[in-house]
Structures are given as C-alpha cells and as structure tokens.
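Per chain, numbering begins at 1; letters A, B, ... match sequence-line order.
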4 protein chains.
Amino acid sequence: MPKNTFFNLAEEKRNRILEISIDEFAVFGYQNASISRIVEKAEIAKGSFYQYFEDKKDLFKYVVDVGAEKKLNYFRHLMEGMQEMDFFQLMREIFIGGIQFAKENPKLSTIGDQFMKSTDEQLKKEVLGENIPKSNQFIEGLLIRGIAQGDIDPAIDVKMTAHMLTTFTMSIGEYFIKEVRVKDNMEIMALVDKMLEIVKYGIHRK
Amino acid sequence: MPKNTFFNLAEEKRNRILEISIDEFAVFGYQNASISRIVEKAEIAKGSFYQYFEDKKDLFKYVVDVGAEKKLNYFRHLMEGMQEMDFFQLMREIFIGGIQFAKENPKLSTIGDQFMKSTDEQLKKEVLGENIPKSNQFIEGLLIRGIAQGDIDPAIDVKMTAHMLTTFTMSIGEYFIKEVRVKDNMEIMALVDKMLEIVKYGIHRK
Amino acid sequence: MPKNTFFNLAEEKRNRILEISIDEFAVFGYQNASISRIVEKAEIAKGSFYQYFEDKKDLFKYVVDVGAEKKLNYFRHLMEGMQEMDFFQLMREIFIGGIQFAKENPKLSTIGDQFMKSTDEQLKKEVLGENIPKSNQFIEGLLIRGIAQGDIDPAIDVKMTAHMLTTFTMSIGEYFIKEVRVKDNMEIMALVDKMLEIVKYGIHRK
Amino acid sequence: MPKNTFFNLAEEKRNRILEISIDEFAVFGYQNASISRIVEKAEIAKGSFYQYFEDKKDLFKYVVDVGAEKKLNYFRHLMEGMQEMDFFQLMREIFIGGIQFAKENPKLSTIGDQFMKSTDEQLKKEVLGENIPKSNQFIEGLLIRGIAQGDIDPAIDVKMTAHMLTTFTMSIGEYFIKEVRVKDNMEIMALVDKMLEIVKYGIHRK
DNA sequence: CATGAATGAGTATTCATTCAT
DNA sequence: CATGAATGAATACTCATTCAT
C-alpha cells in the first residue's frame with residue numbers, strides 16, 4: 001500500500017501520478033516499466049516517489065488494486081439481483097460487465113490481463129497477497145448453485161468447468177478490444193448471447 | 001538460428017547448454033533471463049556463448065523452436081487419420097496431444113505458453129517470423145469443415161467460437177500441470193471427454 | 001550537452017571530472033577512451049557519470065566545446081582590430097593565437113587536432129552539428145579580401161591557397177608543442193615572422 | 001613482419017588476404033579494423049591468421065610497408081635525374097609523384113595518411129621502428145642543398161620550412177582526392193605549378 | 001600448414017533504490 | 001513533505017588472441 005504521504009497529496013497530483021503510472025504499466029508491463037520515466041513525466045522528484053511508495057512493486061500493487069476496485073463496480077449491481085437470476089443470466093451479466101470494463105478502461109484492463117497471464121508466481125503472490133483470490137472459486141460457487149437449482153447438468157466436472165469458464169471470462173475483454181473493435185452495445189449483446197448459447201447448448205448440430 | 005559452432009559441439013555440452021537455457025527462460029521469461037547466469041551455470045565462457053548464438057534472441061528463438069518441434073511430434077499421427085475423424089474426435093486428439101506435451105515437457109510448455117501470451121508483439125514477430133501463425137485460424141478451419149460436414153451448428157459465430165476454443169486449448173496444459181498434477185492417463189482421458197461433452201452439448205440441464 | 005546535474009556539481013568535482021576526461025581523450029582518443037577508467041580516476045560512481053552526461057559522446061562533445069571556447073578567446077581581440085589590419089598582419093595574429101593556445105592548453109589542443117584530423121565523418125557531424133565549420137572558408141574570405149585590398153596576388157588559386165594555409169595553420173600548434181618545446185615568446189614571434197615571410201615572398205633566392 | 005608461412009602461401013591467397021586487409025584498414029582505421037571481419041571475408045580460419053601474422057599490429061605494419069614500398073616506386077626515377085634538377089623542379093616531381101600515388105592507390109594512400117596523422121605515438125614507433133623516418137629530414141636535406149646551390153634564400157629557418165613543406169606534401173593527396181576529383185593530368189600539372197609559384201614567390205601582390 | 005572452438009577481460013549503458021539536506 | 005545527487009550491481013555484447021587437434 002502507498003504510504004500516507006501519498007494520500008495526503010493534492011488530488012490533482014495524486015491523480016496525475018496514478019494516470020501516468022497506469023500508462024507506463026499498460027505500455028511496458030511490470031518488469032519494463034521505469035520509475036525514472038514515471039517521475040519524469042509526472043514531474044516529481046525521484047526521492048518523492050519513494051516517500052509515497054515503498055518501491056516499484058508497491059506502486060504496481062496499488063495500480064492493480066485500483067483496477068480491481070473499478071472492475072468490481074461493474075458487478076456491484078449483480079449482487080442485488082443475484083437471487084432472482086439463474087446461472088446463465090448471471091454469466092450474461094458477468095460477461096457484459098467484463099466487456100464494459102474493458103471498453104471503458106482499456107489500460108487498466110490490459111494491465112490486469114497481462115498480470116493474470118504472467119507466470120511470475122512470486123510477483124502474483126506478493127501483489128495479490130496470500131489469498132490469491134481464485135476467480136475460479138466464484139464461478140465454482142455459481143456452478144454448484146446452478147446445479148442445485150436445476151439449471152445445470154449435474155454430470156459436469158465442476159472444477160474443470162469452472163476453469164474453462166474463468167479462462168474464457170478473462171480473455172473476453174481482450175478479445176473485444178483486439179478483434180471486435182468498438183461496436184455499439186447492441187452488437188455486443190448479440191455476440192454475448194451467442195457465446196452463452198454455446199456455453200449452454202454446445203456447438204453440435206442441433 | 002544458432003551458428004554451426006553450436007551444432008558442432010559435443011552432444012553432452014550442447015544438451016547442457018540447452019537444458020540450462022530452458023530452465024532459465026522457464027523461470028525468468030525472456031526479458032529477465034540472464035545470459036551471464038546461463039554461461040555461469042553451463043560453465044562456458046561468455047565469449048563462447050556468442051560463438052554459438054547471435055544474441056539472446058537467437059537463443060530464445062532456438063529454444064522456442066525446439067519446443068514447437070517437440071510439440072508437433074505429439075500431433076504428427078493426427079495428420080494421417082484426419083480425414084476419417086469428425087470435429088470432436090479431432091479436438092479430442094488435439095487436447096490430448098497438448099496435455100501429453102505439457103506433462104512430459106513442463107518447462108518447454110511453460111516457455112511456449114508465456115511467449116504466446118506475452119504482449120511483446122515485436123518479439124513475437126521476430127521469433128515467429130512475419131507470418132505469426134494465428135492458432136485461431138487452424139481451429140477456424142476445423143470449425144468451417146465441421147459445419148460443412150454437418151457436425152457443427154451452422155448458427156455459431158465461427159471467429160468467436162474459434163477464439164473460445166483456442167483460448168481454452170492453450171490454457172489446458174497449464175490447467176493439468178497446475179491443478180490436476182500427474183494423474184494416470186485414464187483419468188486424463190476421462191476429463192478430456194467431459195470437456196468435449198461440454199463443448200459439444202453445453203452445460204445446461206438435459 | 002551535459003545535464004544540469006553536472007553544472008550543479010561543486011566546482012572542485014566538476015573540474016576534476018573535466019580534467020580527467022581531457023587527460024583520457026588526449027591520451028587515448030575518442031574511440032579508445034574508457035568511461036570506466038574515467039569514473040575510477042575521478043572517484044565517482046558509474047551511475048553518477050550517466051547522471052551528468054547523456055553518454056560518452058556527450059562528454060566528448062563537451063570537452064571539444066570547452067576547447068573550442070577557450071581557443072576562441074585567443075582570437076577575440078582580433079575581431080576588433082580586424083579592419084585596420086592587412087592580410088599578413090591578420091595571419092600573424094592567427095598564427096600567434098594558435099600557438100599560444102597550444103602552448104597553454106596542450107591536451108585540449110591535442111584533442112582538437114586529433115578530432116579535426118580524424119576520418120570519422122559521422123562523429124564529426126554529431127559533435128560539430130550539421131554546420132561543419134570549414135575553417136577553409138574563413139581563410140578563403142581573408143584571401144579574397146586581401147586581393148580586393150591589393151595585398152595579395154590576384155593570380156593565385158584561392159581555394160588551393162586556402163587549403164595550404166589552413167592545413168598549415170592547424171599543424172602549427174602541434175609543431176610548436178612537439179618540435180620547438182617551450183621557448184620564450186620572443187623566439188616564437190621571430191619564428192612566426194619568418195613563416196610569414198615565406199608565405200609572403202616565398203623561399204626563392206632573392 | 002609476417003611469418004614465413006605467409007610468404008609460402010599461394011600467391012592468389014596471399015593477395016586476397018592483402019587486398020581485404022587494405023580494404024579493412026582503409027575503411028575502419030587501425031583501431032576499429034576487425035580481424036574477425038578480415039578472416040571471414042578472406043575465407044581463412046582464425047587460427048590460420050595467427051600462423052601468418054604475429055598479431056593485428058604485425059598485419060598493419062605489413063600493409064603500411066607495402067604502401068610505402070609502392071609509393072617509393074613513384075619516386076624511383078627521381079633519384080636518377082636528381083643531380084640536374086634544382087629544388088623547385090624536385091619539389092614538382094615530389095608533388096606529382098604523391099598525387100599520382102594517391103590517385104592510383106587511394107586506399108593505401110588513405111591508410112598512410114590516417115596513420116601519419118594519428119597521435120598514437122606508441123603505435124607509430126612500433127610500426128615504423130625506432131627510427132621514425134622523419135619525412136621532414138628528407139626535405140630538410142633538399143632545402144640545405146637548395147641553399148648551397150643558390151636556389152633558396154639562405155635566410156629561411158630550415159627546420160620550420162621543412163615542416164611547412166612536409167605538412168603540405170602530406171595533405172596534398174587528400175586535397176586532390178577530396179576536392180579536385182579526378183581531373184585530367186593537364187589540370188593537375190597546372191595546379192601543381194601554381195602551388196610551386198606560391199612556395200617560390202609567395203602570395204603577395206607583385 | 002589448417003582448423004575453429006575457447007577464452008575472459010573489456011565495453012557502454014541502465015535502473016531501482018538510498019540518503020543527506 | 002520535497003529534492004535530486006549518489007550508488008553499484010547488473011545487463012548484453014565484442015574482440016584479439018590462444019590452443020589442442
């Protein structure tokens with residue numbers, strides 16, 4: 001976590017540092033991001049940086065947290081309506097939330113994707129803390145609930161299915177950014193529905 | 001490509017260098033891999049390294065190639081029987097081949113996965129040559145063929161479905177390495193078949 | 001140009017670095033000068049060096065500039081009296097200025113001479129900027145003026161004569177350093193006047 | 001001197017090595033010339049090179065010697081007619097010989113010029129041997145003879161005048177290569193005569 | 001006489017971090 | 001809280017030369 005000194009900063013300055021850091025990590029990734037470049041662009045002294053953050057990792061952790069926090073907001077409304085929705089409606093919301101977040105925060109999205117895909121387990125542990133929040137587990141929960149409520153085939157392997165869906169959920173934003181470009185929301189919805197059809201009924205000839 | 005000097009080396013030495021390089025790239029990734037560390041571990045002089053390889057990228061390219069070559073061997077038999085198989089049988093072989101490769105070559109598998117997931121497009125272009133072979137396209141081809149042969153629902157969005165399956169194909173080795181540990185082959189087959197069931201018929205309650 | 005950090009340094013330190021760099025370039029020339037040797041002698045950290053200068057070329061450029069600046073000072077007074085002097089009086093001043101500079105700044109003089117004689121046109125362009133100031137042209141101008149004022153034989157080939165005189169002007173400092181050793185100024189003047197006699201009337205038997 | 005092994009080589013090979021070395025030194029100068037590049041272009045083994053030559057310097061020495069030898073041939077005829085010529089006729093022959101050599105052997109000429117201008121005294125001593133044959137001395141001799149024979153003003157400072165003329169003799173080839181381009185011999189003669197006029201009668205208004 | 005692999009000290013440059021003011 | 005100079009280990013890479021065969 002950043003030190004108190006950082007949060008005591010004038011908002012304008014704090015935001016400037018944050019935005020520039022996001023830019024840096026989005027473009028260069030964690031390893032190749034350069035503190036020197038950041039402080040130069042942000043027009044703060046090198047020493048000041050280390051008064052705000054423990055070190056490079058501390059800044060990165062913060063940026064990732066900000067992204068996660070923002071992303072969560074795209075799902076907040078879910079929690080409320082959750083009870084009334086079945087599994088596929090929920091997945092629909094999750095897909096849409098993920099895409100929306102990626103569309104509106106492409107840099108944070110990129111940082112998050114890159115980070116999740118990285119194999120630097122050491123870094124992951126340090127950034128996410130001990131409790132690497134297996135996003136798996138959330139979807140696993142949904143699947144179990146879906147089975148209980150009779151939406152989902154009880155014959156599936158839950159863990160594996162959760163992995164399939166998680167993997168895919170995570171790659172979805174990237175796919176929309178890279179391949180689909182910015183389509184209007186109607187088109188996005190249509191594509192999401194086609195995806196869900198597949199998840200639901202598979203791809204075999206009906 | 002490594003220089004001839006490398007291939008003229010005694011096999012023992014050549015393998016030592018290769019193995020140590022694979023270790024290095026698997027642990028640190030391309031950017032953070034250190035030539036100094038490699039030559040030290042391999043007990044060769046720095047200058048010697050540069051008699052064998054143009055530069056770091058040349059070594060990496062070689063390691064990736066070795067991995068690709070090895071992986072291909074897991075699919076060679078496919079090409080033959082390809083005509084008689086339907087889409088789902090083919091996917092089954094692809095999954096199994098991928099898993100087998102990952103099980104038997106975890107480090108090379110890691111290197112390949114990391115590399116494919118990396119966002120350093122420049123590096124990709126240089127390592128893979130101009131024609132970055134979108135693995136998407138292969139599966140796209142299979143899907144189109146599957147539709148033509150009546151195995152697959154013509155209503156699907158081919159591009160998107162190809163992306164779903166590619167994403168998953170690529171994460172599958174990783175999944176087995178990380179989650180499933182080394183199970184016996186029977187169990188693996190069973191799991192693969194469950195996956196295919198899902199791809200084929202979806203997860204909804206039948 | 002060195003960075004501000006360099007000019008903010010304590011004068012003692014700044015001079016130490018400058019002197020040691022001058023030594024290094026004078027002895028080894030640009031190509032063979034070693035940053036490592038410089039920082040070691042100057043007892044500064046390697047990283048510090050790169051806080052002061054962009055790179056090796058930046059340091060060299062600075063050293064050359066310092067030399068040029070110093071040399072110019074030996075000619076400043078010329079500009080004023082220029083109007084009243086004829087060509088031979090001007091050349092006299094130029095010779096004397098060059099010799100004086102070389103006598104009092106032998107290392108800078110060496111560096112400048114070496115640099116001007118070097119065949120690395122790329123380096124020259126980068127150090128001197130696009131406008132490689134052909135010293136030829138200055139003397140060409142003086143010759144033309146001399147002809148107009150009736151001091152100089154209009155039958156000479158101006159370009160070639162300018163080249164003769166320039167070449168000689170440049171080698172003059174070197175000559176005095178190497179061959180004549182440090183004589184008193186009276187003797188130097190006498191020699192300079194003999195030179196001018198030759199330039200003026202040639203060496204044939206009168 | 002190259003080792004005997006070099007002179008035992010088939011003429012074709014020996015010449016190939018020589019020509020390629022001349023190219024290399026002409027383009028890169030002594031310091032930046034690369035043995036690796038030479039052996040590669042000449043298609044000989046690295047080890048073979050060191051069977052022919054002691055080291056890089058040994059090769060350079062040889063190349064310089066070859067150039068000097070060739071240059072000397074442009075002056076051989078001089079020695080015969082020397083007795084009948086006066087100083088200015090001799091200088092004329094020397095200028096013309098120098099230009100001719102530079103025109104017909106531009107690479108060797110470049111190597112020689114660069115070498116003579118270099119300030120690496122250590123190298124000079126090693127290449128030329130202890131008795132650095134001051135070309136000064138040759139012209140000094142001519143001047144003294146000229147004075148004795150009544151061609152030249154006895155009032156001149158012989159040493160200094162020799163330096164002036166030497167400096168100029170050496171820069172003359174360069175001047176013709178760089179500025180005058182390949183003119184026909186008539187024009188060259190005319191320019192040489194103008195030069196000599198200046199040396200003889202100076203540049204003052206007659 | 002030919003070969004070419006082995007060597008290792010050397011190069012310029014980068015970068016996160018510390019520390020004194 | 002701000003500053004920016006100081007640090008030094010680390011990086012990829014080069015090159016003339018040696019040596020065993």
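Minimum atom distance to the side chain of B:A45 is reached by E:dT7, of the listed F:dA2, E:dT17, E:dT7. Taking only side-chain atoms of B:I35, from C-beta outward, the nucleotide of E:dA16, E:dA2, F:dA12 with the closest atom is F:dA12. Ranking E:dA16, F:dA2, E:dA2 by closeness to the D:Q51 side chain, first place goes to E:dA2. Out of E:dA12, F:dT17, F:dA6, the shortest distance to the side chain of C:K56 is found at E:dA12.
Residue A:S36 places no side-chain N or O under 4.0 Å from the OP1 or OP2 atom of E:dC15. Remark: A:Y52 is in phosphate contact with F:dA2, judged by side-chain N or O atoms under 4.0 Å from OP1 or OP2. Regarding contacts with the backbone of F:dC1, a side-chain N or O of A:N8 is found under 4.0 angstrom from either OP1 or OP2.
With a cut-off of 3.5 Å on both Watson-Crick or G-U wobble distances, the partner of F:dT21 is given as E:dA2. F:dT7 and E:dA16 make up a base pair, with Watson-Crick or G-U wobble contacts both under 3.5 Å.
D:F49 has its CZ atom 17 Å from the P atom of F:dC19, to the nearest Å. Across the protein-nucleic acid pair, D:E43 atom CD and E:dG4 atom P stand 12 Å apart, rounded to whole Å. Computed from coordinates, the C:N4 CG to F:dT3 P distance equals 15 Å when rounded to whole Å. Computed from coordinates, the D:F28 CZ to F:dA16 P distance equals 11 Å when rounded to whole Å. Rounded to whole Å, the distance from CD1 on C:I38 to P on E:dG10 is 16 Å. Per the geometry, CZ belonging to A:F53 stands 18 Å off C1' belonging to E:dT18, to the nearest Å. To the nearest angstrom, C1' of F:dT11 lies 13 Å from OH of C:Y50. One can place NZ of D:K46 at 13 Å from P of F:dT18, the figure rounded to the nearest angstrom.
Between C:G47 and C:A33, it is C:A33 whose nearest contact on DNA chain E lies nearer the 5' terminus. Residue whose closest nucleotide on DNA chain F sits further toward the 5' end, between C:F6 and B:N32: C:F6.
Remark: B:K107 NZ is loosely packed, at most 12 non-hydrogen atoms of other residues, nucleotides or ligands lying under 6.0 Å away. The environment of CD in C:E126 is crowded: more than 12 heavy-atom neighbours from other residues, nucleotides or ligands sit within 6.0 Å.
Residue contacts shown for D:S48 include a base, since a base heavy atom lies under 4.0 Å away. Across all strands, B:A10 comes closer than 4.0 Å to no nucleic acid atom at all (heavy-atom distances). Within 4.0 Å (heavy atoms only), B:K13 reaches sugar-phosphate atoms of the nucleic acid but no base atom.
Note: A:E40 CD to A:I20 CD1 = 10.5 Å, rounded to the nearest 0.5 Å.
In this pair, C:Y62 and C:F7 present their aromatic rings perpendicular. The plane angle is above 60°, beyond the 30 to 60° band. Between D:F60 and D:Y30, the ring planes lie tilted relative to each other; the angle falls in the 30° to 60° range.
Counting only distance, with no hydrogens or angles, the side chain of C:K61 and the backbone of C:L128 share no donor-acceptor pair below 3.5 Å.
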